[in-house]
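Structure first, then comments.
Values reported hereafter were calculated over all heavy atoms of this structure, with side chains retained and with hydrogens, waters and symmetry mates removed. Whatever order the structure lists them in is the order used to number ligands and atoms, beginning at 1.
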Amino acid sequence: MTELVVVGAGHGAGQLVVSLKQRGFDGHLTLIGDEPWLPYQRPPLSKKFLAGQLQAERLFVKPESFYRDPSLTLSLDTRVTAIVRDRRRVMTASRQALPYDTLVLATGSRPRRIELPGATLPGVFYLRTIEDVEQIRAALAAAERLVIVGAGYIGLEVAAVAVGLGVEVTVVEALDRVMSRVVSAEVSAVYERVHRQHGVDLRLGTGVSAFLGDDSLAGVQLVRGEPLDADAVIVGVGAIPNTEIAAEAGLEVADGIVVDDRCRTSDPHIYAIGDCTFHPNAVLGRSIRLESVHNALEQAKTAAINIAGGDAHYDDVPWFWSDQYDLKLQIAGISTDHDDIVVRGDMEEPSFACLYLAEQRLIAVEAVNRPRDFMQAKPLIAAHAIIARGALEDSAVELKEMEWRPGR
Ligand code: FAD
């Protein structure tokens, strides 16, 4: 019987198990995760779960009963410390050796830590896990002033929840606009306006030089400007992929574990999926690393098909969403290389879609409260569609009704 071992029991791994069952995988599967939880979804952690509007059980990909299966062994609270490739086994922190025929690495990513004076003071938090949220919730219940370091999507989602809880929020961002890694300057400007309207104090273009306090946090020192009082700080300055065990085992690693479009690593017995991978994207024509649920789920489905003897390729248009206040941001494609933008809808309301073009080809959409444009743009981005600019500008006509020709 084939022995399949999966390292990491997060969102991608949860989908992998579901997809393997659907494909009739008839081997034995061992799922090893270092958290105490069944595979769960992280997006609500900075949204409804943080706001106290969702129970932890609602985060789970599947209930406990789903994993009660003689062909499945679930090892939670268990860390894999090494992969011994020549003997095809993984070692756990408790020195257990588990053999595999096929191994899947689904180790995700972890928050980037900032090393500054005071960074380890109680009251300085990061947000990745259910436990992180439980601690942050308790801190917010007692806090009057929260400082968020980093205006990425996690920092801004937390800001939106915290002002809703009546906490005074300051967001400090070293770059000169919010969410600069994921949206264009036009969309950043909309989010800056909305956060300020809700009372968030946005400090852009300045970093943090120290966290202040003796035994616990009292404030934040900025590189430029007066110190800020703070009862709690949440740091959201990006994530780094968990690649150490892969690198130590000699697998090819770049900005993530290098895989092909079938999710195979440089070792034919080892696959990798999700946040930890550096994978080719056919639409973009280059390899990327993505922290997105859609990416983790689609790679999980691809790997499952290939493990179960099929032949699947992952070449989807990357997409992502973020919820802040009553704004639903949906992004497909990557806008970085654009040379033209068409805005459909109203940026004031706001309900609009920014369509990004490169040499007339549609390469990305960033839609705010405009789901139809988002949905209809996705296949057009995959086709590198060329559509007359005048037609795109006409918000009264749906994108799916427009004439287009393939751009490649
Ligand atoms: P994970 O779900 O992180 O799972 C990896 C698991 O592997 C973790 O449990 C980790 O502890 C474990 N692990 C690592 N190393 C080992 C080891 N050596 N041994 C055992 N276990 C190990 N994406 C969106 O598309 N939209 C959103 O709105 C959105 N919001 C988010 C909000 C927050 C607060 C966070 C943190 C992420 C959000 N994301 C969002 C990103 C999304 O959650 C991730 O892309 C997704 O979880 C990736 O799934 P994964 O399986 O690759 O990794």
Q: Just go through Ala82, Gly108, Ala300 and tell me whose heavy atom is the nearest to atom 53 (O) of ligand 1.
A: Gly108
Q: With heavy atoms of Glu291 as the reference, note each atom of ligand 1 found under 4.0 Å away.
A: 45 (O)
(Q) Looking at Asp267 and Arg85, is there a salt bridge between them, counting it only when a charged N and a carboxylate O are closer than 4.0 Å? (A) yes
(Q) For Tyr314 and His294, take the angle between the two ring planes, folded into 0 to 90°, and tell me which bin it lands in: parallel under 30, tilted 30 to 60, perpendicular over 60. (A) tilted
Q: Establish, for the pair Arg372 and Phe374, whether the NZ or CZ atom is under 6.0 angstrom from the six-membered ring centre and no further than 45 degrees off its axis.
A: no
Q | Per-atom contacts of ligand 1 with Leu127, taking only distances under 4.0 Å to non-hydrogen atoms | A | 34 (C), 36 (C)
Q) Think Arg42 forms a cation-pi with Phe49, using NZ or CZ under 6.0 Å from the six-ring centre and within 45 degrees of its axis? A) no
Q) Quick one: which ligand 1 atoms are inside 4.0 Å of a heavy atom on Ser292? A) 23 (N), 25 (O), 45 (O)
Q. Which of the numbered atoms in ligand 1 are below 4.0 angstrom from a heavy atom of Thr78?
A. 20 (C)
**Q.** Atom indices of ligand 1, in the order listed, that fall short of 4.0 Å to a heavy atom of Val293
**A.** 23 (N), 24 (C), 25 (O), 42 (C), 45 (O)
Q) ligand 1 versus Glu35, non-hydrogen atoms closer than 4.0 Å: side chain, backbone, both, neither? A) side chain
Q | For ligand 1, the portion of Trp321 having any non-hydrogen atom under 4.0 Å away | A | both
Q. Which of these passes side-chain contact (heavy atoms from CB on, under 4.5 Å) with Val172: Val147, Leu204, Val235?
A. Val147
Q. Looking at Val90, Thr30, Val80, which hits side-chain contact (heavy atoms from CB on, under 4.5 Å) with Leu103?
A. Val90
Q: Below 4.0 angstrom from a heavy atom of Ser46, which ligand 1 atoms are there? Numbered from 1 as shown, please.
A: 32 (C), 33 (C), 34 (C)
(Q) Under a 4.0 angstrom heavy-atom cut-off, which atoms of ligand 1 come close to Gly12? (A) 49 (O), 50 (P), 51 (O)
Q: Report the residue from Trp321, Tyr191, Phe320 that forms a ring pair (Phe, Tyr, Trp, His ring centres under 6.0 Å) with Tyr153.
A: Phe320
Q) In ligand 1, which numbered atoms sit nearer than 4.0 Å to a non-hydrogen atom of Gly274? A) 52 (O)
Q.
Going by the closest heavy atom to atom 8 (C) of ligand 1, which one wins out of Arg128, Arg42, Arg79, His11?
A. Arg42
Q. Side chains of Val61 and Phe66: does their closest heavy-atom pair fall under 4.5 Å?
A. no
Q: Verify side chain to side chain contact (heavy atoms under 4.5 Å, CB included) between Asp261 and Asp315, making sure each step is shown before the conclusion.
A: CA-CA 7 Å; Asp261 62 354; Asp315 56 6; 5.8 Å; no
Q. Taking atom 5 (C) of ligand 1 as the point of reference, which of Gly8, Gly33, Ser75, Ala106 owns the nearest heavy atom?
A. Ala106
(Q) Considering Asn295, Ile331, Asp34, Val7 one by one, which has a heavy atom nearer to atom 21 (N) of ligand 1 than any of the others? (A) Asp34
Q.
Once you restrict to heavy atoms under 4.0 Å, what part of Gln41 touches ligand 1? Side chain, backbone, both or neither.
A. neither
